[in-house]
Amino acid sequence: MVSTLDERRAYGGAATHDVTNQAPPYAPYDASEDAALLEGLRREGAGWSEEDLRRLGRQAGSVQAQEWAHLANRHEPELRTHDRYGNRVDEVDFHPSWHHLMRTAIAEGLAASPWADDRAGAHVSRTAGGLVWGHTEAGHGCPTSMTYAAVPALRRQPELAKVYEPLLTSREYEPGLRVPTEKRGLLAGMGMTEKQGGSDVRTNTTTATPTSEPGVYTLRGHKWFTSAPMCDLFLVLAQAPGGLSCFLVPRVLPDGTRNTFRIQRLKDKLGNRSNASSEPEFDGTVAWLVGPEGQGVKTIIEMVNCTRLDCVMMSAALMRKSLVEAGHHARHRSAFGARLVDQPLMRNVLADLALESEAATTLTLRLAGAADRAIRGDAQETAFRRIATAVGKYWVTKRGPAFTAEALECLGGNGYVEDSGMPRHYREAPLLSIWEGSGNVNALDVLRALSREPGTAEALFGEFARAQGADARLDAAVVRLRDRLSGASQTTARRLVEEMALTLQASLLVRYAPPAVADAFCATRLGGDWGHAFGTLPEGADLDAIVDRALPVGN
């Protein structure tokens, strides 16, 4: 039998299945090997967690963790409405890989544990961990994000927070529906939107009827998009006699009986397939009031700040993951006589993607730093966080789909097949712009902040002032932006917020990034020396310095 390549050639045969000119598997790799990430971690006050972050980065890039990510999305959650005897159970079964991902995320402090950590930078450390662990898969980031965000809302009702906060901030992952206070750790979800209103939660029709027990109500209604239905607790909006109010709904009541939480179906989503998103029905569902009646929106506003930051974080993580995979392919694939990474046009594409990724990561960590300091009482950072989080949520999540599409194209046809993992990133990217307020909702929120909270504009321009005089293009952009504020309206809101985001990113890069990165960003995003697609950096851009910083050898 002819078996070797040389023997086949000697007989004039073709080596039809020899694999050449293909990139080797990327894993294992270190997902924390990112200069912008590590520099931002130290700068924003969480350098003390760098060793743990690097350990988590190696775990995120391991063959095992990457396989968990693949399997959790391949084997989607399954709804079981009844048990074999006909009893209503309303449970969702997940593949073991989902539980492995969740267990790691909770243990590494990526859920609510920073609320129990007095160290300055604890919330920055969590965000940086999300940027790294986000190299696995995005779906399980939903319950960890909601659990994180639930704590400040729950604190509006101190007697409830006293019971549940220690369990929400635990680093123990204990799946399965049981009496919450009998578990070692809890997860929280949200039930805000309804089919007739979406983001307009004031149109909610779910009703809350007071019982004879103070603070206890029964709910009746139907929620349209409630993710992670196997969480232990949910914060839910409903119409009480005093107006729209926030309520705590446990899946299992203190006496061990199941609360009424009928899951009608799981959503068949474009992406985020590993995560179960459901339509629950409430009918006599027992709930505890959180905050005063009629102040439901005010109660959850801090929750929204937290989850919007996580949307920015996950978009930045997806960008970084897509970029390093595109760079890995370009380093090992040759065409037209040279490696792709050495082809000038491909190098331009990678450099342009690297600029976008660094800008997203740097802004994410700045927002996390603002959140950390605001939580500790810094009034200036509170004002900055209020407007900058909405700005970042609008822009970074908007850039995600175009970014992942371009990174996918770097792999050519290889990137279009499921085995590459790139289609999963591409399907995931649009979600982050939709969740926690779509682009329009965030743009309008910026207008609301400008009109009702004048200190937010002052805080934003104060941030710009820290880079004043360092780059003429940035200085000109700040002047243009101030002029545009006077004519701000709904019609021009998206344009205004886009300019805010680009100016903010540029100011951060001018202050903290290497000159090659800052100069190329300002020339293109502010100076207009740019095309309409990635890969259109000007002739003078230092492509080598940008690419080498973003894609160090060995990563």
What's the shortest heavy-atom distance between [X] and [Y], and which atoms?
X    : Y    : result
M319 : A360 : SD-CB, 3.8 Å
S322 : M422 : O-CE, 4.1 Å
L509 : A518 : O-CB, 3.5 Å
L551 : G327 : CD1-CA, 3.7 Å
A457 : L450 : CB-CD2, 3.7 Å
L168 : A188 : CD2-CB, 4.0 Å

| task | Keeping the roles fixed (side chain from E44, backbone from V124), state whether a donor-acceptor pair exists under 3.5 Å. | result | no
| request: Could you tell me whether a side-chain N or O of Q66 sits under 3.5 Å from a main-chain N or O of H135, the two making a donor and an acceptor? | output: yes
Spacing of [atom1] belonging to [X] relative to [atom2] belonging to [Y], to within rounding of 0.5 Å:
X    : Y    : atom1 : atom2 : answer
S49  : R55  : OG    : CZ    : 10.5 Å
L233 : M190 : CG    : CE    : 12.5 Å
D519 : D471 : CG    : CG    : 7.0 Å
R427 : N73  : CZ    : CG    : 8.0 Å
L485 : E499 : CG    : CD    : 9.5 Å
C231 : L186 : SG    : CG    : 10.0 Å

| Do you know which of D352, L323, V349 makes side-chain contact (heavy atoms from CB on, under 4.5 Å) with E406? | V349
| query | R308 pairs by side-chain contact (heavy atoms from CB on, under 4.5 Å) with which of L367, L432, D445? | reply | D445
Within 45 degrees of the axis of the six-membered ring of [Y] and under 6.0 Å from its centre: does [X] put its NZ or CZ there?
X    : Y    : answer
K393 : W435 : no
R482 : F464 : no
R43  : Y512 : yes

| Other residues, nucleotides, ligands: >12 heavy atoms within 6.0 Å of R376 CZ |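 More than 12 heavy atoms, drawn from other residues, nucleotides or ligands, come within 6.0 Å of this atom.
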| said: With a sphere of 6.0 Å drawn around CD of E51, does it hold more than 12 non-hydrogen atoms of other residues, nucleotides or ligands? | reply: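 No.
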| message | Assess whether a salt bridge exists between R399 and E356, defined as any Lys/Arg side-chain N lying under 4.0 Å from an Asp/Glu carboxylate O. | response | yes
| query | Going by the angle between their ring planes, with limits at 30° and 60°, are H123 and Y148 parallel, tilted or perpendicular? | reply |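 Rings of H123 and Y148: tilted, 30 to 60°.
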| Any idea how W98 and H140 line up, ring-wise: parallel (<30°), tilted (30 to 60°), or perpendicular (>60°)? |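 Plane angle over 60°, so perpendicular.
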| field | Exercise: do T193 and K223 side chains pair donor with acceptor under 3.5 Å | value | no
